[in-house]
Amino acid sequence: MDFKSIESKWQKIWEEAKIFEAEPSDKLKFFITIPYPYLNGNLHVGHMRTFTIGDSFARFMRMKGYNVLFPMGFHVTGTPIIGLAELIEKRDPRTLEVYTKYHDVPLEDLLKLTTPERIVDYFSKEALKAMKGVGYSIDWRRVFTTTDPEYKKFIEWQFWNLKNKGLIVKGSHPVRYCPNDQNPVEDHDLLMGEEATIVEYTVIKFKLEEDDLVFPCATLRPETIYGVTNIWIKPAKYVIAKVDGERWFLSREAFEKLSHIKKVELLEEVDAKDFLGKLVVVPIVNRKVPIFLADFVDLDNATGVVMSVPAHAPFDFAALKNLGLKIEPIVIIKTDIDGIPAEAAIKEVGGEINFETLEKATKYLYKKEFHVGKMAENTDYAGMKVSEVKQIIHDRLIKEGYGDIFYEFSEKPVVCRCGTKCLVKVVKDQWFINYSNFEWKKKVLDYLEEMKIIPDYYLEEFRNKVEWLKDKACARRKGLGTKLPWDKEWLIESLSDSTIYMVYYILAKFINEGKLKAENMVKEFFDYVILGIGDLDEVSKVSKLSKELIEQIRKEFLYWYPVDLRSSGKDLVANHLLFFLFHHVAIFPKELWPKAIAVNGYVSLEGQKMSKSKGPLLTIKKALSTYGADVSRLYILLAAEYDSDADWRSKDLENLASSLKRFYSLFLENLKKEEEITMLDRWLISKFNRIVKETNEAMEKLQTRRAVNLAFFEVMNLVKHYIKRGGKNLSLILDDWIKLLTPFIPHICEELWHTKHNSFVSLERYPEFDEKKIDLEAEMVEDYVMRLVEDIKEVMKFNPEAKEVYIAFADKWKYKVLEALKDGKLKDLMKDDEELRMKGKEVSDFVKRILKEKVVNVKDEEAIVLENKDFIEAETGLKVLIDPLKVPEEKRKAAIPGRPAIFLK
RNA sequence: GCGGGGGUUGCCGAGCCAGGAAAAGGCGCAGGGCUUAAGACCCUGUCCCGUAGGGGUCCGCGGGUUCAAAUCCCGCCCCCCGCACCA
């Protein structure tokens, strides 16, 4: 058999029969969406995981009787595609290598992709091919690309809507910036320092006693201002610069950095030594403290001027000690530490005074004081928590004119791909989406409690992320996309133009049919169709669309919306999925907010992380050509559950492929008609029915791994057992088994289904649990036989020479006692039954044992053994004889109902 | 640092939310079958002990609750992911 030809055959037939094209009907609808992929490369098996989970669920719901809409589009807005086009144009060797080697793009094709348009065109065709090749049940009439003119109209409408609601604001914020490229730098544009984050230092202005020269000390612990005893500068050259109308004493590096944040003017260069011993005034505290020199001061960190708090900063403590200066540390934070905290911290981590221990001690103390520390009596905030006071003092300093902010990287150096050291720049007059808006957040938080999050522990993650979300810059200077309609200098950033586009799938069908054009898509049109606002006659007039069409679109929108499930990779939790919620909550009435979100994990390759830009990468194209669609689908569903990561291992794929082949031929070999129904057949039906139940339960929770495990492997085990036991009527479950597997391996199932039927199994009803099919008797009998075989085999270990096995069943009285015990009438029985009373001890031992062991309760043990004699003999290689007399008495006595005595000879 | 997830038998990975199996499944390994042979496939075994169906020790570490804990509680150690203006 050739799975690949089966797959393309059914894909073609499905497409021709249009069975996945969804139209409103009187059935219950189910609208499932997966985030459209970003097309700066070919789709890979990571995409395949997310899409396959979605597709299996879409197929499952379809078979459950829902009218399922599963659409797809392509995301191309933003900068990476432009960047890629430039790199290809430049014939960048690394890019050419990655795209030919990992993205499977033939070199001749790749070399042509020198413009964003060609890249979009090329990869969208490839993506379409790949997705169709996996057999996704997508309604392809609704496909679109985010640079379509109609899409831009939609985005413009969305942004006007947000703006009118006051959710778009202007502001400034710090970004990582390359002074050479004069552009913000993204992670993948970095040579070094990807880990670095932007840290906000508080700058505290200490003024020189004799004039107004400012010593701006940068600190992460503004609350320690009460403990300042001196300030430190490095014995080196500094500069004096004009900053905000003041004269600041700064390192040369700090001056450079500051020049990107605010207007600064270099006044003169000075030598630190000239300031040694001069006095400065500590703001708020109004204490005069001296300036000292210290080598540990880093000119390239923040301002290059630091304040000294020996009681709470191990470096300061050690430096003062080293200088032999008699300066008394001032303790201003209380924890459980006695004495001087900095000193204690140094002791705690090892005592040696060197850079490493001081670093460790600093970290230790910072952590401790931040979490459990309280401000001491000699401060303005006695008794308050350090964690709270920190912010209060920071704000107070700025408010009173003694403070400022300085941004710095947490790790250094941070180097751009061009080789230049990056710095932090504050971008001004930027457009933001006002996610920090309290009421907006509140609405989202409240709604989270109502919606379904899969897996459920992600609810907590979402709550936290909503709290944490700050305003987001939503516009850029560079990239593909839609211009901000009220400020055409700016392009709407790509995470912001992809938040409510699920609406667009409903419009896209009409657009692709040519019924709806960009020129029709005016504000009134969207307002009416999406929000139900406006007058139909008026809307028809300004949009130049017929009233019928407008009404139809409105109706279809209301039929399909809201989104019932958005299923996505976990990388989108802290960004897209949040924005998706925020924008829905802001724009739509509550009944149109999304119902559920599901999150799945990544895929690695033989234990290695995949990377689009560095490799390794396995494209869907390659996976399909190597393993085929159904094998890949089954594998990726099985590889991991929920958000845990899956590891793609070719060895396992191969094994799975042969299992599928076995399944395929097993099916074809067992098509023949049923013979008489036996106890074993009843067992098969009963057990299968249990699996049907569990598979349904698993799918309802989107546990595809569990579902596949049950529907394929567990059933396979049943079938193997059944055949080994001599079962002849496998066809009893085959139809249902095929249906059970259709969401996962639709092509093979469709092929096998058509050996007997003319319908599409993709549209059949999914098997449901049927209580009546549970057959406890048949299950018990099977358990009994297998237990007996197991026991005989166990004993065979000790008597490998045995030729025969003698079986003796438990004495009659034991069955009587068991019955009575079950009915709770054991006491009565013992009273009435003379024989049992005689056996007092024996009876109580027996009762103890059956309470401990699970008793298989079957009716006629002898009949069962006789019926299965052939099987037992075949399994054990022993001759089975029912002859109590040949079984030694002590063994016979040990027999209990359901577990006969056996004796090997 | 903050937040989320996790540490299970050689490996991967269920089970733990609803406490009562040496602990599913797969891989690997060993033995057997099949085959001219290899591969594939099928069967059996895979913590330790045991000449009778049994016993013992196990689920990051250390405590606790319980007749009973991988499963509940407390403390500790370690690992992974996110922290943005970027898709």
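The basis for the numbers below is simple: all heavy atoms, side chains too, and nothing from hydrogens, waters or symmetry mates. Residue numbers start from 1 in every chain, and the chains themselves are labelled A, B, ... in the order their sequence lines are given, proteins ahead of strands.
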Trainee: Check whether any side-chain heavy atom of A:L448 sits under 4.5 Å from a side-chain heavy atom of A:L581, and report yes or no.
Mentor: yes
Trainee: Using a 4.0 Å heavy-atom cut-off across all strands, classify A:I902 as base, sugar-phosphate, or nothing.
Mentor: base
Trainee: How is A:K905 classified with respect to the nucleic acid when contacts are heavy atoms under 4.0 Å: base, sugar-phosphate, or nothing?
Mentor: nothing
Trainee: Check the distance between B:C85's P and A:N575's CG and give it to me in whole angstrom.
Mentor: 11 Å
Trainee: Students often get this wrong, so: under 4.0 angstrom with heavy atoms, is A:L638 touching a base, only sugar-phosphate, or nothing?
Mentor: nothing
Trainee: Would you verify whether the NZ or CZ of A:R49 falls within 45 degrees of the ring axis of A:Y602 while also being under 6.0 Å from that six-membered ring's centre?
Mentor: no
Trainee: Once you apply a heavy-atom cut-off of 4.0 Å, does A:D645 come out as touching a base, just sugar-phosphate, or nothing?
Mentor: nothing
Trainee: Does the ring of A:W490 carry A:K483 above it, NZ/CZ under 6.0 angstrom from centre and within 45° of its axis?
Mentor: no
Trainee: Could you say whether A:K724 or A:A639 is positioned toward the 5' end of RNA chain B, judged by the nucleotide with the nearest heavy atom to each?
Mentor: A:A639
Trainee: Taking only side-chain nitrogens and oxygens of A:R899, does any of them come within less than 4.0 Å of OP1 or OP2 of B:G54?
Mentor: yes
Trainee: Whether A:K793 contacts B:U44 is assessed here as follows: a side-chain N or O lying under 4.0 Å from the phosphate OP1 or OP2. Is that the case?
Mentor: no
Trainee: How many Å lie between CD1 on A:I453 and P on B:C17, as a whole number?
Mentor: 23 Å
Trainee: Among the nucleotides B:C81, B:G26, B:C43, which one has an atom lying closest to any side-chain atom of A:Y602?
Mentor: B:C81
Trainee: Any base atoms under 4.0 Å from A:L469, or only sugar-phosphate, or nothing? Heavy atoms, all strands.
Mentor: base
Trainee: With rounding to the closest Å, how many angstrom separate the C1' atoms on B:G20 and B:G15?
Mentor: 14 Å
Trainee: Between B:C41, B:A52, B:A84, which one does the side chain of A:R662 approach most closely?
Mentor: B:C41
Trainee: Could you tell me how far apart A:W490 (CH2) and B:C85 (P) are, to the nearest whole angstrom?
Mentor: 14 Å
Trainee: Mind checking if A:A640 touches a base, just sugar-phosphate, or nothing, with heavy atoms under 4.0 Å?
Mentor: nothing
Trainee: What's A:K891 touching, base or sugar-phosphate or nothing? Going by heavy atoms closer than 4.0 Å.
Mentor: base
Trainee: Write down the distance separating the P atoms in B:U8 and B:C59, rounded off to the nearest Å.
Mentor: 12 Å
Trainee: Where the side chain of A:K609 is defined as all heavy atoms beyond and including C-beta, which of B:C81, B:A84, B:G25 is the nearest nucleotide?
Mentor: B:C81
Trainee: Which residue is it: A:V789, A:L878, A:I807? I am looking for the one with a side chain to side chain contact (heavy atoms under 4.5 Å, CB included) to A:I872.
Mentor: A:V789
Trainee: Looking at the side chain of A:E794, which of B:G54, B:A52, B:C83 is the nearest nucleotide?
Mentor: B:G54
Trainee: Could you tell me whether the phosphate oxygens of B:C41, OP1 or OP2, come under 4.0 Å of any side-chain nitrogen or oxygen in A:S658?
Mentor: yes
Trainee: Check A:E804 with A:K886, please: is the shortest side-chain N to carboxylate O separation under 4.0 Å?
Mentor: no
Trainee: Is the count of non-hydrogen atoms from other residues, nucleotides or ligands lying under 6.0 Å from A:K441 atom NZ greater than 12?
Mentor: yes
Trainee: Specify the residues of residues 455-467 of chain A, ordered by number, for which at least one heavy atom lies under 4.0 angstrom from an atom of RNA chain B.
Mentor: A:Y457, A:E460, A:E461, A:N464, A:K465
Trainee: Hey, what are the protein-to-nucleotides 72-76 of chain B N/O distances that come in under 3.5 Å?
Mentor:
none

Trainee: Using Watson-Crick or G-U wobble geometry with both distances below 3.5 Å, tell me the partner of B:C34, or none.
Mentor: none
Trainee: Under a 4.5 Å cut-off applied to non-hydrogen side-chain atoms, are A:F712 and A:S659 in contact?
Mentor: yes
Trainee: Measure OH/A:Y635 against C1'/B:G13 and give the value in whole Å, please.
Mentor: 11 Å
Trainee: Give one of base, sugar-phosphate or nothing for A:P900, where a contact means two heavy atoms less than 4.0 Å apart.
Mentor: base
Trainee: Would you mind reading off the distance between A:Q430 atom CD and B:A84 atom P, rounded to a whole angstrom?
Mentor: 16 Å
Trainee: What distance, rounded to whole Å, do you find between the two C1' atoms, one in B:U57 and one in B:C2?
Mentor: 41 Å
Trainee: Roughly how far apart, to the nearest Å, are B:G53 and B:U35 at atom C1'?
Mentor: 37 Å
Trainee: Can you tell me which nucleotide in B:G25, B:A52, B:G13 comes closest to the side chain of A:R705?
Mentor: B:G13
Trainee: Are the side chains of A:V719 and A:F688 in touch, meaning some heavy atoms are under 4.5 Å apart?
Mentor: no
Trainee: Are the side chains of A:L572 and A:N575 in contact, using a 4.5 Å heavy-atom criterion?
Mentor: yes
Trainee: Scan every strand shown for a Watson-Crick or G-U wobble partner of B:C59, both distances under 3.5 Å, and answer none if you come up empty.
Mentor: none
Trainee: Which base, if any, makes a Watson-Crick or G-U wobble pair with B:C83, both distances under 3.5 Å?
Mentor: B:G1
Trainee: With a 4.0 Å cutoff (strictly under), does any side-chain N or O of A:R649 reach OP1 or OP2 of B:G26?
Mentor: no
Trainee: Across all strands shown, which nucleotide pairs with B:G53 by Watson-Crick or G-U wobble geometry, both distances under 3.5 Å?
Mentor: none
Trainee: Taking NZ, NE, NH1 and NH2 as the nitrogens, is one of them in A:E460 or A:R463 under 4.0 Å from a carboxylate oxygen of the other?
Mentor: yes
Trainee: Heavy atoms from C-beta onward define the side chain here; which of B:A84, B:G53, B:U51 lies closest to that of A:F798?
Mentor: B:U51
Trainee: Suppose you measure atom C1' in B:G3 against the same atom in B:C72; what distance do you get, rounded to whole Å?
Mentor: 25 Å
Trainee: Does A:E489 CD have over 12 foreign heavy atoms under 6.0 Å away?
Mentor: no
Trainee: Show the nearest heavy-atom pair for residues A:Y501 and A:P35, with the distance to one decimal.
Mentor: OH-CA, 3.3 Å
Trainee: Does a side-chain N or O from A:K478 land closer than 4.0 Å to OP1 or OP2 of B:C85, or not?
Mentor: no
Trainee: I need the CD-P distance between A:E714 and B:G26, as an integer number of Å.
Mentor: 9 Å
Trainee: Can you name the residues that form a side chain to side chain contact (heavy atoms under 4.5 Å, CB included) with A:R649, not counting sequence neighbours?
Mentor: A:E606, A:Y635, A:D647, A:D652
Trainee: Does A:V175 or A:K701 map to a spot on RNA chain B nearer the 5' end, using the closest nucleotide for each?
Mentor: A:K701
Trainee: Rounding to an integer number of Å, can you tell me how far A:N799 CG sits from B:G54 C1'?
Mentor: 16 Å
Trainee: Give the nucleotide from the list B:A52, B:G54, B:G25 with an atom nearest to the side chain of A:R787.
Mentor: B:G54
Trainee: Name the pairing partner of B:C29, where a pair is Watson-Crick or G-U wobble with both distances under 3.5 Å, or state none.
Mentor: B:G45
Trainee: Is the shortest side-chain heavy-atom distance between A:L666 and A:M716 below 4.5 Å?
Mentor: yes
Trainee: Under 4.0 Å, counting only non-hydrogen atoms across every strand here, what does A:S498 touch: a base, just sugar-phosphate, or nothing?
Mentor: nothing
Trainee: Atom CZ of A:F713 to atom C1' of B:G13: distance rounded to whole Å?
Mentor: 13 Å
Trainee: Hey, does the side chain of A:K651 come within less than 4.0 Å of B:G28's phosphate (OP1/OP2), counting only N and O?
Mentor: yes
